[in-house]
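One structure below.
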Amino acid sequence: MSKSINSTCAKRSPWAWVPTLYFAQGLPYIAVMTLSVIMYKRLGVSNTDIALYTGWLYLPWVIKPFWSPFVDIISTKRQWVIIMQWFVAIAFAGIAFALPVQFFFSLTLAVFWLVAFVSSTHDIAADGYYMLALTEHEQSFYVGIRSTFYRIASVAGQGALVVVAGCIEESTGDIPFAWGVVFFVLSAMFLFFAVYHSWALPKVEIRNTKRNYTFNDVTKEFVRIFVAFFRKKQAGLAILFMLLYRLPEAQLIKLINPFLLDANSIGGLGLSTSEVGIVYGTVGIIGLTAGGIIGGILAAKKGLHYWLKPMAWSMSLTCLTFVYLSWASEPSLLTINTCVFIEQFGYGFGFTAYMLYLIYFSEGEFSTAHYSICTGFMALGMMLPGMAAGWIQETIGYRYFFIWTMICCIATIGVTYLLKINPEFGKKY
């Protein structure tokens with residue numbers, strides 16, 4: 001297992017690596033969860049197949065608690081970060097090369113799954129390195145910086161790169177080539193990150209030369225951690241909350257981009273790839289970020305108990321914007337941007353309560369490990385509904401699909417009324 005040494009031994013400023021590390025953490029997730037959906041839609045894959053097969057890509061994030069201890073035991077987190085970035089660079093290049101072939105769908109899906117596995121491992125190592133390399137005071141100071149650059153990665157991935165793909169599509173008429181360029185750009189970026197972080201990440205860990213942990217030791221600790229998790233008060237309700245709170249959004253997120261891209265004749269809005277990059281990848285991300293910031297500020301004043309139900313209502317009611325867009329007659333681009341901003345703002349605002357509850361439920365002896373388990377349930381709650389979303393939409397159409405998501409909001413709101421939360425948790429004193 002790796003040990004940390006005093007972070008003051010590392011003379012390099014965290015400004016040299018915190019922004020780039022979390023920018024690099026955000027990009028693969030965006031590529032796997034969002035770029036893949038838009039790309040497959042532009043390449044003619046059906047909504048049913050897109051939602052089903054890209055839904056499986058959540059799996060590495062669902063099961064990452066099972067291998068996270070090995071990242072701590074084997075080698076150093078710094079080395080894990082750098083090696084995973086090399087793997088991501090190679091994998092993105094592989095996607096670019098696979099797009100022109102006849103069986104591109106199955107081949108690129110396999111590589112996307114590899115990217116998802118490597119990215120989730122990179123998340124574990126990067127977050128662990130962050131906690132080792134910085135003092136508690138520095139961790140508090142830079143937490144806003146890391147979140148900001150993660151969001152910038154979202155704008156770059158869902159916004160700028162989609163706009164680039166759209167421009168190349170329009171100028172060349174070659175959709176596989178356009179998306180190949182995007183993934184070559186991503187590959188080049190990760191080559192840079194791997195080389196740069198080899199220099200920029202301070203060596204704040206020393207590796208134990210003694211074998212302190214056997215496989216049996218790790219297995220026993222696993223069992224102890226999981227047993228303690230399921231013995232917590234309201235564990236069943238907590239898991240239900242983790243799985244159901246984002247039930248509407250889990251389905252929406254798989255169909256928003258196809259809805260924006262599909263022609264008016266089949267119920268979509270008929271936007272170009274570049275317009276989608278602006279609407280969802282830029283305006284939407286700004287709304288999501290603003291909602292999250294405001295939600296965090298308000299939750300800090302009166303706590304999770306006070307804001308849980310209002311945030312659940314916010315996340316639910318803003319889904320009405322897509323019901324409106326699906327029934328409106330040729331809405332303007334301004335109207336579409338406004339609706340997407342409102343929906344994403346409501347989601348960001350409501351998601352604050354979700355993340356605070358995960359922290360609340362994880363408190364105790366194994367807080368770090370239990371939080372990791374919670375994020376696994378969080379990913380499972382996105383994975384399962386998302387996989388079925390495409391089939392539901394193609395069966396009943398966009399209009400009734402968005403009405404269905406509103407019905408699912410009953411689960412989001414209902415589960416919040418079952419939880420018992422300490423009224424003092426999250427308040428700022």
Side-chain angles (χ1 to χ4, degrees), residues 22 25-26 29 61 64-65 123 127 130-131 136 139-148 150-151 154 228-229 232-250 253 285 287-318 343-382 409 411-429:
Y22 282 90
Q25 189 180 100
Y29 184 84
W61 282 279
K64 75 176 183 180
D123 292 352
D127 291 340
Y130 177 88
M131 290 186 283
E136 287 187 11
Q139 289 177 37
S140 299
F141 178 81
Y142 285 99
V143 69
I145 305 301
R146 59 181 269 187
S147 299
T148 298
Y150 193 94
R151 293 298 186 198
S154 298
F229 181 87
K232 282 176 174 274
K233 290 182 180 179
Q234 285 201 309
L237 284 176
I239 293 170
L240 194 66
F241 174 82
M242 294 173 207
L243 294 176
L244 294 182
Y245 185 75
R246 295 202 291 169
L247 178 62
E249 194 67 28
I253 201 167
I285 293 297
L288 181 71
T289 304
I293 291 171
I294 294 173
I297 292 170
L298 294 178
K301 290 183 177 180
K302 293 197 173 182
L304 174 61
H305 180 268
Y306 181 88
W307 280 107
L308 177 60
K309 295 179 182 67
M311 286 180 173
W313 280 101
S314 167
M315 179 177 277
S316 300
L317 292 177
T318 52
E343 192 276 332
Q344 288 291 288
F345 180 91
Y347 175 50
F349 185 72
F351 188 63
T352 304
Y354 188 85
M355 296 307 295
L356 281 174
Y357 183 78
L358 298 193
I359 295 170
Y360 172 77
F361 188 74
S362 301
E363 287 187 328
E365 181 184 0
F366 305 109
S367 59
T368 301
H370 285 178
Y371 184 81
S372 181
I373 295 171
C374 286
T375 60
F377 280 112
M378 175 176 71
L380 186 63
M382 293 295 287
C409 290
T412 299
I413 296 168
V415 74
T416 63
Y417 283 84
L418 301 175
L419 297 177
K420 294 179 181 179
I421 297 170
N422 182 350
E424 301 305 311
F425 176 77
K427 286 186 180 180
K428 185 178 181 180
Y429 293 99

Closest approach of [X] and [Y], non-hydrogen atoms and distance?
X	Y	result
Thr412	Pro248	OG1-CD, 3.1 Å
Thr375	Lys64	OG1-CE, 4.0 Å
Leu247	Ala411	CD2-CB, 4.0 Å

**Fill in**
Sorted by chain and number, sequence neighbours left out, side-chain hydrogen bond (donor to acceptor under 3.5 Å, both in side chains) with Tyr354 holds for none
**Item:** Under the side-chain hydrogen bond (donor to acceptor under 3.5 Å, both in side chains) test, residues paired with Gln25 that sit two or more places apart
**Value:**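 Residues passing side-chain hydrogen bond (donor to acceptor under 3.5 Å, both in side chains) with Gln25: Asp127.
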For the residue pair [X] and [Y], establish whether any side-chain heavy-atom pair is separated by less than 4.5 Å.
X	Y	answer
Leu304	Tyr357	yes
Cys374	Phe229	yes
Leu356	Trp307	no
Tyr245	Met311	yes
Thr318	Phe345	no
Lys232	His370	yes
Met315	Phe349	no

**Message:** Evaluate Phe377 against Phe241 for ring pair (Phe, Tyr, Trp, His ring centres under 6.0 Å), listing each step before the verdict.
**Reply:** CA-CA 10 Å; Phe377 280 112; Phe241 174 82; over 10 Å; no
**Request:** Using ring-ring contact (aromatic ring centres under 6.0 Å, His included) as the criterion, list what pairs up with Tyr22, not counting sequence neighbours.
**Result:** Tyr130
**Interatomic spacing from CD in Glu343 to CG in Leu288 - rounded to 0.5 Å** = 9.0 Å
